[in-house]
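As C-alpha cells, the structure follows; a few thoughts come after it.
We count residues from 1, following the sequence as given.
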Amino acid sequence: VWRELKTTQRERWFHDDVLEEFPQLALGVVALARGALGGDLNGSRVEVEILRPEGSDLQIIDPFEGGRLEKALSVLRRYAGPWRADASFEARPGKKCQWCPVSRWCASYSEAAA
C-alpha cells in the first residue's frame with residue numbers, strides 16, 4: 001500500500017483526476033504495478049486520504065484497474081520528460097519566486113523581475 005495524506009480547505013481540486021493533482025500518486029501506481037516495492041502484487045493499492053474541515057475523503061486507486069497505469073505513466077512523462085531532456089539546468093524564475101527568501105540573491109530572478 002502506498003498511502004498519502006493531504007489537507008485542504010477547498011471543496012475541489014484543479015484537476016479532475018487525483019493522479020493529475022498529486023503526481024506522487026502516479027509514481028506510486030507505477031511502482032506498485034511494476035512490483036518495484038516487492039511482495040505480492042495482489043491487493044496492491046494507492047490510498048489518498050483528503051482531510052477537509054468538514055470531514056475526510058478516502059480514495060483508493062487500483063494500479064491494475066483499466067487505464068490507471070497508462071494514466072500514471074502519462075502524468076510522469078509530462079513531468080519527467082522536460083527534466084530528463086534538460087542539459088543546461090538553467091533557472092526558470094516565475095511568479096512563485098517573489099515569495100522565495102533566496103530571490104534577493106538569485107541572479108535569475110533579479111533579471112526576470114527587471
Side-chain angles (χ1 to χ4, degrees):
V1 176
W2 181 294
R3 184 161 172 75
E4 298 273 341
L5 182 66
K6 305 295 177 194
T7 60
T8 187
Q9 292 185 8
R10 288 186 264 150
E11 289 186 27
R12 68 179 309 278
W13 303 109
F14 293 110
H15 300 94
D16 293 329
D17 191 319
V18 72
L19 296 179
E20 295 275 354
E21 191 70 34
F22 305 110
Q24 64 271 34
L25 299 176
L27 180 62
V29 167
V30 173
L32 291 172
R34 294 198 170 159
L37 303 179
D40 185 6
L41 298 182
N42 291 323
S44 292
R45 64 190 180 276
V46 173
E47 298 178 352
V48 59
E49 185 174 9
I50 302 165
L51 303 177
R52 294 184 173 91
E54 63 276 352
S56 68
D57 176 28
L58 177 64
Q59 295 187 30
I60 298 174
I61 304 164
D62 180 347
F64 303 104
E65 185 179 293
R68 297 314 277 163
L69 178 59
E70 291 77 18
K71 176 66 176 188
L73 288 167
S74 169
V75 168
L76 293 179
R77 279 188 199 104
R78 193 174 65 250
Y79 280 92
W83 167 77
R84 186 173 182 234
D86 186 359
S88 63
F89 310 107
E90 291 183 30
R92 293 185 181 99
K95 195 186 294 187
K96 292 184 179 181
C97 293
Q98 62 187 329
W99 296 287
C100 175
V102 179
S103 64
R104 295 185 296 193
W105 305 289
C106 178
S108 296
Y109 178 69
S110 299
E111 291 170 13

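Note: Thr8 OG1 to Lys6 NZ = 11.0 Å, rounded to the nearest 0.5 Å.
A search for side chain to side chain donor-acceptor pair (under 3.5 Å) contacts involving Asp62 returns nothing, not counting sequence neighbours. Partners of Arg45 by salt bridge (charged side-chain N to carboxylate O under 4.0 Å, His left out), not counting sequence neighbours, listed by chain and number: Glu47.
In this structure, Phe22 and Glu4 have side chains that are not in contact, with every pair of non-hydrogen atoms separated by 4.5 Å or more. Counting only heavy atoms from C-beta outward, the side chains of Trp2 and Leu27 approach each other to under 4.5 Å. Using a 4.5 Å cut-off on side-chain heavy atoms (C-beta onward), Gln24 and Val46 make no contact. Looking only at side-chain heavy atoms (C-beta outward), Arg3 and Leu58 come within less than 4.5 Å of each other.
Across Glu21 and Pro23, no two heavy atoms sit closer than the pair O-CD, 3.6 Å. The minimum heavy-atom distance linking Pro93 with Ser108 is given by the pair CG-O, 3.5 Å. Smallest separation of non-hydrogen atoms from Ala26 and Leu19: N-CD2, 3.7 Å.
When the shell of 6.0 Å around CD of Gln9 is examined, it contains 12 or fewer heavy atoms from other residues, nucleotides or ligands. Within 6.0 Å of atom CH2 in Trp99, more than 12 heavy atoms from other residues, nucleotides or ligands are found, so the atom counts as buried in its surroundings.
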| query | What do the steps show when you test Arg68 against Asp17 for salt bridge (charged side-chain N to carboxylate O under 4.0 Å, His left out), and what is the final call? | reply | CA-CA 10 Å; Arg68 297 314 277 163; Asp17 191 319; 2.9 Å; yes
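For the salt bridge (charged side-chain N to carboxylate O under 4.0 Å, His left out) condition, the pairs that include at least one residue of residues 89-110, sequence neighbours left out, are Asp86-Arg92. Screening residues 73-82 for side-chain hydrogen bond (donor to acceptor under 3.5 Å, both in side chains) gives Glu20-Arg78 as the qualifying pairs, with residues at least two apart or on separate chains.
Grouping the Ile, Leu, Val, Met, Phe, Trp and Tyr side chains by contacts below 4.5 angstrom, directly or via other members, places Leu25 with Leu73.
Under a 4.5 Å side-chain heavy-atom criterion applied to ILVMFWY residues, the cluster that includes Leu41 comprises Phe64 as well. Other members of the hydrophobic cluster containing Leu51, listed by chain and number, are Leu5; membership follows side-chain contacts under 4.5 Å among ILVMFWY residues, whether direct or relayed.
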